[in-house]
Amino acid sequence: MQELAKQYSPTSVESTWYERWMAAQIFAIPEQLPKGKTPFSILMPPPNVTGMLTMGHVLNHSIQDLYIRYKRMCGFQAVWFPGLDHAGIATQSKVEGMLRETEGIGRRDLGREKFVERVYEWKEKYGGIILQQLRRLGNSCDWDRTLFTMDEGANRAVEETFIRLFDAGLIYRGKRIINWSPVMQSALSDEEVIMREQTDKMVTLKYHFEDGGGFMSVATVRPETIFGDVAVAVHPKDDRYSAFVGKTVRVPLTDRYVPIIADDYVEKDFGTGCLKITPAHDPNDFEVGQRHNLPILVSITADAKLNELAGPYNGLDRFDARKRIMKDLEAAELIVKSEDYTHKVGYSERGGEVVEPYYSDQWFVSMKVLAEPALKAVQEGSVRFYPEHWTKTYEHWMTNIRDWCISRQLWWGHRIPVYYAPDGRFTAAHSEQEARTKLGLDDSISMIRDEDSVDTWFSSWLWMLTTMHWLDDGITEDTSLLRSYLPTDLLVTGPDIIFFWVARMIMASLYFKNQVPFRDVYFTSIIRDGDGRKMSKSLGNSPDPLFLFDKYGADAVRYTTLYLAPLGLDVKVNVVDDNGKADAPQMEFGRNFANKIWNAARFLHMKASEAGMSSNAQSMPEEEWSAADRWILSRFHSTIHAVHEHLGAYRITEYTRALYDFIWKDFCDWYVEIMKVQFAEREDPAYRQSLMRFALDLFEGALALLHPVMPFITEEIWHVIGDRADDRFLAASALPAFDAQRVDTARERRFELLQQIVDELRMLKSQSGIKPGQKLPLYLRCAEDDKEFFGAVASVIASLTRNELPQFLAEGQQPESALSSVVRGVDLFLVAESVIDHDKERERLTKELERLQNLQRSAEQKLGNERFVANAKQEVVDAERTKLQSAVDGIAKIQDALSRLAS
RNA sequence: GGGCGCUUAGCUCAGCUGGUUCAGAGCAUCUGCCUUACAAGCAGAGGGUCGGGAGUUCAAAUCUCUCAGCGCCCACCA
């Protein structure tokens, strides 16, 4: 048997076992579900191809891996489908940035084809690093099934779904006001815009009447848009202005005159009650303009500069222009007033710049038809959310859903499969030829393909289909993977992508496959730093998980993260600086736990070898079991039960706590200490070996239960203490079976009494300033029924409290000059003549007396209440009676001890 | 403006269907221990009127209402 280091060092253990698991292919599953196997499947939310592992991933993936490993060990055919997202905007902007920096060129300098080539090159070089990082975390995915959203098969599926939706009239092209990113030069969906509150100047401008005689006061926070003004609107029922409707006013700083119109959209009570209408640069104004047949004047360019309509401001950036215009307005005395105004402004989720409402041609998915069944699926429980309250958010979004702008003016992504004929007609098709056929055009006519790409999420929403090879070959819709593993069982993701991804997957799955994509959705916590801020690279408050793995071990990071992260709540992780790196010292918790487990294993290993145990030693027969053996067995089976209960209900923190308590408190603090006594008391090797076998079985069972959250250390120890071959794996083993017969609450309760007595004796010693190692004579008086029990555990009490073997007192007997106490009717005396500090002892006894008197009072009060006795459950009333009785007994004994002290 | 969530020890959080000596854990603090698995440890201690108030109930940290504070999401008042 090998010697084990005193401290557990995770680094080499973790890499070794991951390699062995991979080599043995224990995470790989067959395409066809084997007969008799029940599937359990999870779709990994594909990380961005450019992504780096974050604490968010750690939380997310630890949960997924926990369930995959747990279900695998429960005998399911467990499969975790991994993948990568091409992340259109994120990746393109990263590569564009790199090109600009290193070569000083833009994408347009290269042209589409060359640029996309460069992105692919870049992806080959740097992409997918995160998948390696996920291996460090221990993810037990079926890596052979890794899918990239721009793989051939996925491309086909994207194209096919676009064409089908187009043909069904659910994808359409329209000229609308959309969210425009001037940096990316692309449209964004509503979901990609973050509204942030900020304070800007709101200026009230003078729009002078064309026929003289004063002006209309119009407020705006965007004076640079006045060049796109086409009207001033007032409310139809606003008496102040009704006389002016139909007149024309002059747009400030221009020679243009625009009409005053009346429209319900205007709020009478806001500002001056007059609203400038700029259809090209505000979605609401656009609608007002449509109603009144107003022209659309575009005065801002795609890169957010003013154009020729702005006269002298032509070519100025929108924000520079604003400043200049403000100044000029002031000089021209066109400002009524200017005041601070707090409002929300849309920012691009990716680039962080202010989004510009922009009038352009885009592609949209009509969402109503898709949303209806998807809403129903959640309301009827075909898909369940954890925590459940997210269904409200989901319902609200789904019932107020707006069409999805899917076109992006990007080159990195899936190109829209639409072809335009010279006559202006267009259609979606797999090829130019097919497009011609669809439109009934002659082969000689050449068509032009749409330049745009689709939103990244337009491929992600097919994830449950593409990972399982739907239309992979362009033909087969019903693959064996889909038959075997769809619907998947669990999706683990952050609530921030409930609209982006979760809702849309439900829609796509129901529309294209008429099945829900998953049964349960677990929404994770959001990890924040100690000050409650979201972790982000720019704040430097985001620890690099790889650094944490190196410092604490991946097991420790997984364990601590899950221990800290309750279902559906934000979780705060303290972040401190460690030589310039962000560190999360709370991870010590998991590291210490790992070390504790390691040392428990060391102890068992050592004792087993001391007992000369061989691998075929039998466990103790039942008749040999001591009270402690039975107790730990009962606790063990209670823990198995708790593990299934907690994980079944997604109470993951409870699961981690249950194992912490069992392993550290029950097994290490109590059982191991008792084992030492039992081991020392009987020297015969047969007993010792059988005891060690018994303890090892339990410990290995606990390792199995812990494996889903701490896969590496459990695998390592399982091999070391079991002396197992390298090609056998805990990861591929079964969890210990739960046996309800072994749970004995009465026995657990009696053992708790023993624990309380030990605690009390330790406290007596410690509080009286007696050295822990000083052995004192110990006397004990208990009920006749308990004598056998206490007789059996006498040596345990002596050893754990480091006193002499307890002697039993008869009624009335009393040692002189002893520290005394009473625990649930059991009298305790520690004889310590020379060391008793009488004042201290009196103080302690008085305190205890008070506590018991309070207990007595509260019990008497309750029992004196007829309604309590009549209404409460019998066992509650009985417990109260017992409590009262033991308080009364205790009081008498304490008073007696006090009087002895006085004498 | 609408919706959701949170508030328990100095800090981070448990406390699942109201009741068992229920007010807990870890960290931090204090005291004592190198007791032959573990000082990343062992033993002990101090520390909270469970955000305020009202209600339901024999019984409330737990259920209801309300107020306050914090956070998140959604929403077209310039």
Side-chain angles (χ1 to χ4, degrees), chain A residues 4 6-8 195 202 218-222 233 265-267 269-278 282-285 287 341 343-344 387 389-390 392-393 395-397 400 495-496 498-499 526 528 530 532 552 563-564 566 568-574 585-586 588-589 591-607 645-646 649 651 653-654 657 660-661 665 668-669 672-673 676 749 756 759 762-763 765-767 769-773 799-802 824 851-852 855 858-859 862 865-873 875-880 882-883 886-887:
Chain A
L4 298 184
K6 217 168 167 180
Q7 278 192 355
Y8 175 60
M195 302 305 284
M202 182 164 75
V218 180
T220 181
V221 284
R222 302 199 56 198
Y265 168 69
V266 181
E267 296 281 331
D269 302 328
F270 188 85
T272 60
C274 304
L275 175 63
K276 74 190 203 63
I277 301 300
T278 320
D282 183 287
N284 303 306
D285 291 9
E287 280 175 27
Y341 178 65
H343 64 145
K344 301 259 183 139
H389 68 251
W390 287 108
K392 280 222 168 187
T393 305
E395 280 172 7
H396 183 259
W397 192 72
N400 297 289
D496 48 333
I498 184 169
F499 307 135
I526 291 171
R528 298 174 180 282
Y552 303 100
Y563 181 88
L564 288 176
L569 293 180
D570 289 358
V571 57
K572 283 199 219 170
V573 174
N574 278 320
Q586 269 157 310
E588 283 175 11
F589 179 70
R591 182 200 59 181
N592 292 357
F593 186 39
N595 194 52
K596 187 71 181 178
I597 296 164
W598 179 252
N599 275 290
R602 269 184 80 209
F603 170 79
L604 294 173
H605 191 245
M606 192 189 83
K607 284 290 173 189
E645 289 287 303
H646 292 322
R651 290 193 299 257
T653 53
E654 296 297 317
R657 277 163 211 276
Y660 186 90
D661 287 345
K665 308 272 167 195
C668 293
D669 287 352
V672 162
E673 293 307 316
K676 289 178 186 170
R749 294 297 294 281
Q756 285 178 349
D759 285 343
R762 284 168 169 169
M763 188 274 286
K765 232 172 170 178
S766 164
Q767 292 300 93
I770 301 164
K771 289 252 178 236
S799 167
L800 295 198
T801 65
R802 303 174 78 189
R824 294 202 186 193
R851 191 184 72 85
L852 289 172
L855 217 61
S858 97
K862 274 192 190 169
N865 184 340
E866 289 161 29
R867 287 188 297 181
F868 170 71
V869 180
N871 291 324
K873 276 183 282 182
E875 60 206 77
V876 175
V877 177
D878 287 346
E880 210 57 39
T882 316
K883 189 163 52 169
S886 93

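These values consider heavy atoms only, across backbone and side chains, with no hydrogens, waters or symmetry-generated copies. Residue numbering restarts at 1 for every chain, and letters A, B, ... go by the order of the sequence lines.
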Check: Using the C1' atom in both, what is the distance from B/G1 to B/G48, to the nearest Å?
Finding: 38 Å
Margin query: Judged by each residue's nearest nucleotide on RNA chain B, which is more toward the 5′ side, A/Thr220 or A/Ser766?
Written below: A/Ser766
Notebook entry, point to check: Do any N or O atoms from the side chain of A/Asn599 and from the backbone of A/Asn595 form a donor-acceptor pair under 3.5 angstrom?
Noted result: yes
Check: Expressed in whole Å, how much space separates the C1' atoms belonging to B/G69 and B/G53?
Finding: 15 Å
Notebook entry, point to check: Rounding to a whole Å, what distance do you find between A/Glu287:CD and B/A78:P?
Noted result: 16 Å
Next item on the list: Kindly say if A/Lys765 contacts the phosphate of B/A43, meaning a side-chain N or O under 4.0 Å from OP1 or OP2.
Entry: no
Check: OP1 or OP2 of B/G3 less than 4.0 angstrom from a side-chain nitrogen or oxygen of A/Lys392, does that happen here?
Finding: no
Note to self: The side chain of A/Phe499 is closest to which nucleotide in this list: B/C74, B/C72, B/A78?
What the structure shows: B/C74
Next item on the list: Please state how far atom NZ in A/Lys572 lies from atom P in B/U12, giving the value in whole angstrom units.
Entry: 5 Å
Next item on the list: Would you mind classifying the nucleic acid contact of A/Pro283 as base, sugar-phosphate or nothing, using non-hydrogen atoms under 4.0 angstrom?
Entry: nothing
Note to self: Given the structure, check if the side chain of A/Arg602 and the base of B/C38 hold any donor-acceptor pair shorter than 3.5 Å.
What the structure shows: no
Checklist line | Spacing of the C1' atoms in B/A23 and B/G18 (rounded, Å) | finding: 15 Å
Checklist line | Options B/C76, B/G15, B/U21, nucleotide nearest the side-chain atoms of A/Lys883 | finding: B/U21
Check: Is the backbone of A/Arg867 close enough, under 3.5 Å, to the side chain of A/Asn871 for a donor and an acceptor to pair up by distance?
Finding: yes
Notebook entry, point to check: Does A/Lys676 make a cation-pi contact with A/Phe603 (under 6.0 Å, within 45 degrees of the axis)?
Noted result: yes
Check: In terms of side-chain heavy atoms of A/Gln586, which of B/C58, B/U21, B/U12 is nearest?
Finding: B/U12
Next item on the list: Could you check whether A/Arg222 gets within reach of a base, just the sugar-phosphate, or nothing at all, counting any heavy atom under 4.0 Å?
Entry: nothing
Check: Distance between the C1' atoms of B/U17 and B/U29, in whole angstroms?
Finding: 38 Å
Item checked: Minimum-distance nucleotide (side-chain atoms of A/Arg657 versus B/C13, B/G15, B/G44) -> B/C13
Note to self: Taking only the C1' atom of each, what is the distance from B/G15 to B/A61 in whole angstrom?
What the structure shows: 8 Å
Check: What integer number of Å spans the C1' atoms of B/A9 and B/A14?
Finding: 13 Å
Notebook entry, point to check: A/Lys771 NZ to B/G44 P: how many Å, rounded?
Noted result: 17 Å
Checklist line | Integer-rounded Å distance: B/U35 P and A/Lys676 NZ | finding: 11 Å
Checklist line | B/C38 phosphate, OP1 or OP2, under 4.0 Å from A/Lys596 side-chain N/O | finding: no
Notebook entry, point to check: Which nucleotide in the list B/G19, B/A25, B/C73 gets nearest to the side chain of A/Lys665?
Noted result: B/A25
Margin query: Using a heavy-atom cut-off of 4.0 Å across all strands, would you classify A/Asp285 as base, sugar-phosphate, or nothing?
Written below: nothing
Item checked: Options B/C58, B/A78, B/G26, nucleotide nearest the side-chain atoms of A/Leu275 -> B/A78
Check: Within the structure, does a side-chain N or O atom of A/Asn592 lie under 4.0 Å from either OP1 or OP2 of B/G41?
Finding: yes
Notebook entry, point to check: Is any side-chain N or O of A/Asn871 closer than 4.0 Å to OP1 or OP2 of B/C58?
Noted result: yes
Check: Do A/Lys883 and A/Leu855 have side-chain heavy atoms sitting under 4.5 Å apart?
Finding: yes
Item checked: Nearest-neighbour nucleotide for the A/His389 side chain, B/U21, B/C4, B/C38 considered -> B/C4
Note to self: Here's a test of your reading of the structure: between A/Gln767 and A/Arg802, which maps to the more 5' nucleotide of RNA chain B?
What the structure shows: A/Arg802
Margin query: Rounding to an integer number of angstrom, what distance separates B/U56 and B/A43 when you compare their C1' atoms?
Written below: 46 Å
Check: Using the P atom in both, what is the distance from B/C58 to B/G41, to the nearest Å?
Finding: 49 Å
Margin query: As a test of reading the structure: which of B/A37, B/G32, B/A78 is closest to the side chain of A/Phe270, going by heavy atoms?
Written below: B/A78
Notebook entry, point to check: A/Glu654 side chain: which of B/G26, B/A37, B/G15 is closest?
Noted result: B/G15
Next item on the list: Report the residues that fulfil ring-ring contact (aromatic ring centres under 6.0 Å, His included) with A/His389, sequence neighbours left out, ordered by chain and then residue number.
Entry: none
Next item on the list: State which of B/U21, B/C74, B/A40 makes the closest approach to the side chain of A/Arg824.
Entry: B/U21
Item checked: Which nucleotides of RNA chain B pair, in dot-bracket form (Watson-Crick or G-U under 3.5 Å, | meaning another strand) -> (((((((..((((.....[....)))).(((((.......))))).....(((((..]....))))))))))))....
